[in-house]
S.K.: 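Take a look at the following structure, please.
Note that the structure is predicted; figures quoted are calculated from it, not measured.
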Amino acid sequence: MIVAVDGPAAAGKGTLACRLAERLGFSYMDTGLLYRAVALAVLRRGVSPRNGEAVVDAAHGVHAAALADPMLRSEVVGQMASQVAVIPAVRAILLSCQRRFASCPPKGGAVMDGRDIGTVVCPHAECKFFVTANLAVRARRRVNELRERGMSAIESQVLAKMHERDQRDQERVIALLRPAEDAFILDTSEMNPDVALSIALTYVAQKVAASI
Ligand code: DC
């Protein structure tokens with residue numbers, strides 16, 4: 001079984017996807033980390049995200065060990081990830097890796113967390129969620145997250161950057177951020193993570209029951 005969890009930054013999809021995987025005994029893949037790994041390689045090489053050839057070269061050089069780098073979680077890398085993600089050749093390189101994982105997960109099933117899982121990577125996923133929340137709530141959550149990690153953050157700046165990233169992810173010509181037609185929309189603006197998990201688990205159980 002494949003569970004797709006898509007949505008914008010800081011909507012709560014990472015937390016939900018991780019906890020779903022744990023509860024279902026499935027393998028979890030954070031596909032954003034792949035884009036972040038390419039972005040970090042691009043930053044370290046000092047190449048422009050507009051230089052498609054150099055970015056593709058960096059994408060070919062990314063391997064599993066790069067996914068453990070703590071720098072991947074930084075805001076700068078997140079912004080760059082959204083820029084390299086508009087390049088079709090980069091998406092193609094990462095697509096095959098995501099599909100391989102989804103079709104042959106180490107555990108019984110896969111929970112895939114991303115932007116285009118339900119629409120492009122795994123359009124046949126049995127269960128699809130689109131997790132969202134309003135921009136102000138997401139910016140607040142990200143600020144709290146950064147401060148908990150000991151980093152300073154100015155809410156208005158985080159909000160502006162998040163808005164910019166949303167727009168880029170929603171307007172790119174390929175694999176844009178949007179809910180799949182058959183996705184369950186989960187708005188977490190006024191919902192705590194436990195409630196979101198419980199709603200999602202009920203939906204997965206309904207899907208499993210319907211497939212028997
Ligand atoms: O989920 P995240 O914040 O780690 O993702 C970082 C960027 O990577 C995001 O702004 C867009 C891109 N991305 C993507 O285009 N497709 C995915 N499946 C996952 C992430």
S.K.: Are more than 12 heavy atoms, taken from residues, nucleotides or ligands other than Arg23, located less than 6.0 Å from that residue's CZ atom?
M.R.: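 No, the 6.0 Å shell around CZ holds no more than 12 heavy atoms from other groups.
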
S.K.: About how many Å separate CZ of Arg165 and CG of Leu177, when rounded to the nearest 0.5 Å?
M.R.: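 That separation rounds to 10.5 Å.
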
S.K.: When rounded to the nearest 0.5 angstrom, what is the spacing between CD in Glu75 and CZ in Arg142?
M.R.: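 One finds 5.0 Å between CD of Glu75 and CZ of Arg142.
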
S.K.: Got Gln83 and Val42 here, is their nearest side-chain heavy-atom distance under 4.5 Å?
M.R.: no

S.K.: Where do Asp69 and Leu40 land on the side chain to side chain contact (heavy atoms under 4.5 Å, CB included) test, with the steps shown first?
M.R.: CA-CA 9 Å; Asp69 194 317; Leu40 186 56; 3.6 Å; yes

S.K.: Show your working on side chain to side chain contact (heavy atoms under 4.5 Å, CB included) between Leu16 and Leu186 and close with a plain yes or no.
M.R.: CA-CA 11 Å; Leu16 177 68; Leu186 195 58; 3.8 Å; yes

S.K.: The test is side chain to side chain contact (heavy atoms under 4.5 Å, CB included); show your working for Asp6 and Lys13 and say whether it passes.
M.R.: CA-CA 7 Å; Asp6 290 309; Lys13 72 183 158 51; 5.6 Å; no

S.K.: Start with the C-alpha distance between Phe26 and Leu20, add both sets of side-chain angles, then the distance that settles side chain to side chain contact (heavy atoms under 4.5 Å, CB included), and finish with yes or no.
M.R.: CA-CA 8 Å; Phe26 286 4; Leu20 266 179; over 6 Å; no

S.K.: How far apart are the closest heavy atoms of Leu146 and Ala153, and which atoms are they?
M.R.: CD1-CB, 3.8 Å

S.K.: Count the heavy atoms of every other residue, nucleotide or ligand shown that sit under 6.0 Å from CD of Glu171, and state whether that count exceeds 12.
M.R.: yes

S.K.: Work out which heavy atom in Ala39 is nearest to a heavy atom in Ala81; give both atom names and the distance.
M.R.: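 Heavy atoms of Ala39 and Ala81 come nearest at CB-N, 3.4 Å.
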
S.K.: Spell out, as yes or no, whether a donor-acceptor pair under 3.5 Å connects the side chain of Lys128 to the backbone of Pro123.
M.R.: yes

S.K.: Search all heavy atoms of Ala17 against all heavy atoms of Val111 and return the closest pair with its distance.
M.R.: O-CG1, 3.5 Å

S.K.: Between Arg149 and Arg73, is there a side-chain heavy-atom distance shorter than 4.5 Å?
M.R.: yes

S.K.: Can you give me the closest heavy-atom contact between Cys127 and Met1, atom names plus distance?
M.R.: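 Distance-wise, the nearest heavy atoms are CB-CE, 3.9 Å.
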
S.K.: Do the non-hydrogen side-chain atoms of Leu159 and Met162 ever get within less than 4.5 Å of each other?
M.R.: no

S.K.: Do Asp194 and Arg19 touch side chain to side chain, with heavy atoms closer than 4.5 Å?
M.R.: yes

S.K.: Just wondering, do Val3 and Glu126 contact through their side chains at under 4.5 Å, heavy atoms?
M.R.: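 A side-chain contact under 4.5 Å is absent here.
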
S.K.: So which atom in Ala110 and which in Phe101 form the shortest heavy-atom distance, rounded to 0.1 Å?
M.R.: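 Closest heavy-atom pair between Ala110 and Phe101: CB-CE2, 4.3 Å.
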
S.K.: Can Arg172 and Asp116 be counted as an ion pair, charged N to O under 4.0 angstrom?
M.R.: no

S.K.: What is the distance from atom CD1 of Ile87 to atom CG of Asn51, rounded to the nearest 0.5 Å?
M.R.: 8.5 Å

S.K.: Is Val76 reachable from Met151 through a run of hydrophobic residues whose side-chain heavy atoms are each under 4.5 Å from the next?
M.R.: no

S.K.: Distance from His124 atom NE2 to Ser103 atom OG, nearest 0.5 Å?
M.R.: 12.5 Å

S.K.: In plain terms, say whether Asp30 and Arg36 are close enough for a salt bridge, that is, a side-chain N and a carboxylate O under 4.0 Å apart.
M.R.: no

S.K.: Hey, are Arg141 and Glu145 close enough for a salt bridge, meaning a charged N less than 4.0 Å from a carboxylate O?
M.R.: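 Looking at Glu145 together with Arg141, the answer is no, because their closest N to O distance does not fall below 4.0 Å.
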
S.K.: Do Lys207 and Asp182 meet the salt-bridge criterion of a basic N to acidic O distance under 4.0 Å?
M.R.: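 Here Asp182 does not pair with Lys207 in a salt bridge, since their nearest N and O are not under 4.0 Å apart.
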
S.K.: May I ask you to decide if Lys107's main-chain N or O and Ser27's side chain share a donor-acceptor pair within less than 3.5 Å?
M.R.: yes

S.K.: Once rounded to the nearest 0.5 Å, what's the spacing between atom CG of Leu135 and atom OG of Ser189?
M.R.: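 The distance works out to 10.0 Å.
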
S.K.: Is Gln98 close to Ile117 at the side-chain level, that is, under 4.5 Å between some pair of heavy atoms?
M.R.: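 Ile117 reaches Gln98 side chain to side chain.
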
S.K.: Restricting to non-hydrogen atoms, name the atom on Thr132 and the atom on Ile185 that form the minimum distance, rounded to 0.1 Å.
M.R.: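 Closest approach of Thr132 to Ile185: CG2-CG2, 4.3 Å.
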
S.K.: Would you check if Ser96 and Arg99 make a side-chain contact, meaning some heavy-atom pair closer than 4.5 Å?
M.R.: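 In short, these two side chains do not touch, never coming nearer than 4.5 Å.
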
S.K.: Is the ring pair Phe184/Phe129 parallel, tilted or perpendicular, if the boundaries are 30 and 60 degrees?
M.R.: perpendicular

S.K.: What distance separates Met191 CE from Ser198 OG, expressed to the nearest 0.5 Å?
M.R.: 9.0 Å

S.K.: With distance as the sole test, does Arg138 use its side chain to make a donor-acceptor pair with the main-chain N or O of Ala133 at under 3.5 Å?
M.R.: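 Indeed, once roles are kept as given, a pair shorter than 3.5 Å links the two residues.
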
S.K.: According to a 4.5 Å side-chain heavy-atom criterion applied to Ile, Leu, Val, Met, Phe, Trp and Tyr, with indirect links allowed, do Met80 and Leu72 form part of one hydrophobic cluster?
M.R.: yes

S.K.: Is Val56 reachable from Leu95 through a run of hydrophobic residues whose side-chain heavy atoms are each under 4.5 Å from the next?
M.R.: yes

S.K.: Any side-chain heavy atom of Lys161 sitting closer than 4.5 Å to one from Ser82?
M.R.: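 No, their side chains stay 4.5 Å or more apart.
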
S.K.: Going hydrophobic residue to hydrophobic residue with side-chain gaps under 4.5 angstrom, can you get from Val195 over to Phe130?
M.R.: no

S.K.: Taking a hydrophobic cluster as the set of Ile, Leu, Val, Met, Phe, Trp and Tyr residues connected by side-chain heavy atoms closer than 4.5 Å, whether directly or through intermediates, do Met112 and Leu94 fall within one such cluster?
M.R.: yes

